[in-house]
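None of these values were measured; they are calculated from a predicted model. Atoms within each ligand, like the ligands themselves, are counted from 1 in listed order.
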Amino acid sequence: MKGNLIIITSPSGGGKGTLIAELMKRGVGIGYSVSYTTRPMRPNEIEGKDYSFIGVEEFERRMANDEFLEFATVHGNYYGTSRVRVESLIAEGVDVILEIDVQGAADVLKKLPDAVSIFILPPSFQELEQRLRSRKTEDPEQLAIRLRNSFEEVRRYDEFEFVVINDNIADAVRRLESIILGERQRRTRQLVQIRDILSNFEASKNILS
Ligand code: 5GP
């Protein structure tokens, strides 16, 4: 059985990274697609775990080779999702999470409308600003860009199927998990197993005399 593609998006600082990290700890059985970026590595980040950090030239070479399922310039840097990483995990039957910005998320959804799409909405602008400031990962200029971009990003919530309001991490993670588990129960996503079970019933008819 193929895995589901789960697109999780929000404005920068919306909390999607934290929620996804918590979700992975709960052992829901999901894979995470590590993106490529040209953004400089932050001190707490790990190459190959948070991102594959590459230069602009290499990014553009991969772009020209059509290696990205989607890519976008976000807040002044390139970010892209590796097509092979995603496709191989899905073929193995693993649900794959893409943690991507709003424009990239909308692009993937256009190409793959069957994907599960979830928008993480921060409870207020003030909360978003507070989160971005307290994580101290951006310089003032980057912070201002991210805050300014958030106005347009939140307006696009209605392009996505699910909205999780991130007012409280524990609750939001539970809601996120319930969406992912619920999606796996869709009839149309379980046709192979269902057919096997029904053939077993068919083959067992003669047990009753
Ligand atoms: P950050 O620089 O804070 O790690 O990420 C900035 C934004 O880029 C976030 O909204 C993040 O989700 C998004 N992002 C990360 N990887 C990708 C990707 O592969 N594609 C796109 N379109 N956005 C990404």
Side-chain angles (χ1 to χ4, degrees), residues 5-24 31-56 58-60 62-63 65-90 96-112 115 117-122 125 127-157 159-160 163-164 166 172 176:
L5 183 63
I6 301 156
I7 304 170
I8 301 188
T9 193
S10 78
S12 180
K16 57 188 176 307
T18 310
L19 296 182
I20 292 169
E22 288 299 314
L23 192 66
M24 307 290 267
Y32 177 77
S33 160
V34 177
S35 293
Y36 286 92
T37 185
T38 59
R39 159 169 82 55
M41 188 153 107
R42 297 174 186 148
N44 59 340
E45 287 181 321
I46 300 171
E47 159 64 35
K49 178 170 176 283
D50 295 291
Y51 286 103
S52 294
F53 294 92
I54 57 175
V56 171
E58 184 181 344
F59 197 99
E60 289 176 346
R62 288 177 184 270
M63 243 159 74
N65 281 343
D66 201 24
E67 289 181 31
F68 296 120
L69 183 61
E70 63 74 43
F71 63 87
T73 305
V74 188
H75 318 310
N77 294 299
Y78 278 136
Y79 294 82
T81 303
S82 157
R83 192 189 296 280
V84 285
R85 286 180 182 175
V86 170
E87 285 176 357
S88 59
L89 282 167
I90 288 193
V96 179
I97 289 190
L98 297 188
E99 179 198 337
I100 56 180
D101 90 299
V102 178
Q103 28 165 351
D107 281 354
V108 176
L109 210 45
K110 257 186 239 130
K111 281 188 211 157
L112 303 167
S117 61
I118 308 172
F119 189 91
I120 309 287
L121 185 65
F125 174 77
E127 184 73 23
L128 177 83
E129 181 178 19
Q130 158 69 21
R131 284 193 198 144
L132 267 179
R133 282 191 194 285
S134 62
R135 79 182 193 193
K136 296 194 171 81
T137 46
E138 272 72 40
D139 59 34
E141 192 192 345
Q142 264 294 325
L143 186 79
I145 295 176
R146 287 174 185 237
L147 289 175
R148 218 173 304 119
N149 288 342
S150 72
F151 296 109
E152 167 64 14
E153 290 171 332
V154 292
R155 282 203 303 119
R156 298 184 64 178
Y157 79 91
E159 295 176 37
F160 306 96
V163 174
V164 170
N166 186 13
L176 206 49

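The immediate protein surroundings of ligand 1, defined as residues with any heavy atom under 4.0 Å of it, consist of Lys16, Ser35, Arg39, Arg42, Tyr51, Glu70, Ala72, Val74, Tyr79, Gly80, Thr81, Glu99, Ile100, Asp101, Gly104, Arg135, Arg146.
Side chains of Ile8 and Leu176 form a contact here, defined as non-hydrogen atoms less than 4.5 Å apart.
Applying the salt bridge (Lys or Arg N to Asp or Glu O under 4.0 Å) criterion to Glu99, with sequence neighbours excluded, gives no partner residue. The salt bridge (Lys or Arg N to Asp or Glu O under 4.0 Å) test applied to Asp139 returns no partner, not counting sequence neighbours.
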Please list every donor-acceptor pair under 3.5 Å in which a side-chain atom of residues 49-56 meets a protein atom from a residue at least two apart or in another chain.
| from | atom 1 | to | atom 2 | distance (Å) |
| --- | --- | --- | --- | --- |
| Asp50 | OD2 | Ile46 | N | 2.6 |
| Ser52 | OG | Arg85 | NH1 | 3.3 |
| Ser52 | OG | Arg85 | NH2 | 3.1 |

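The closest donor-acceptor contact from the side chain of Gln142 to the backbone of His75 lies under 3.5 Å.
Taking the six-membered ring wherever Trp is involved, the centroid distance between the rings of Tyr78 and Tyr36 does not fall below 6.0 Å.
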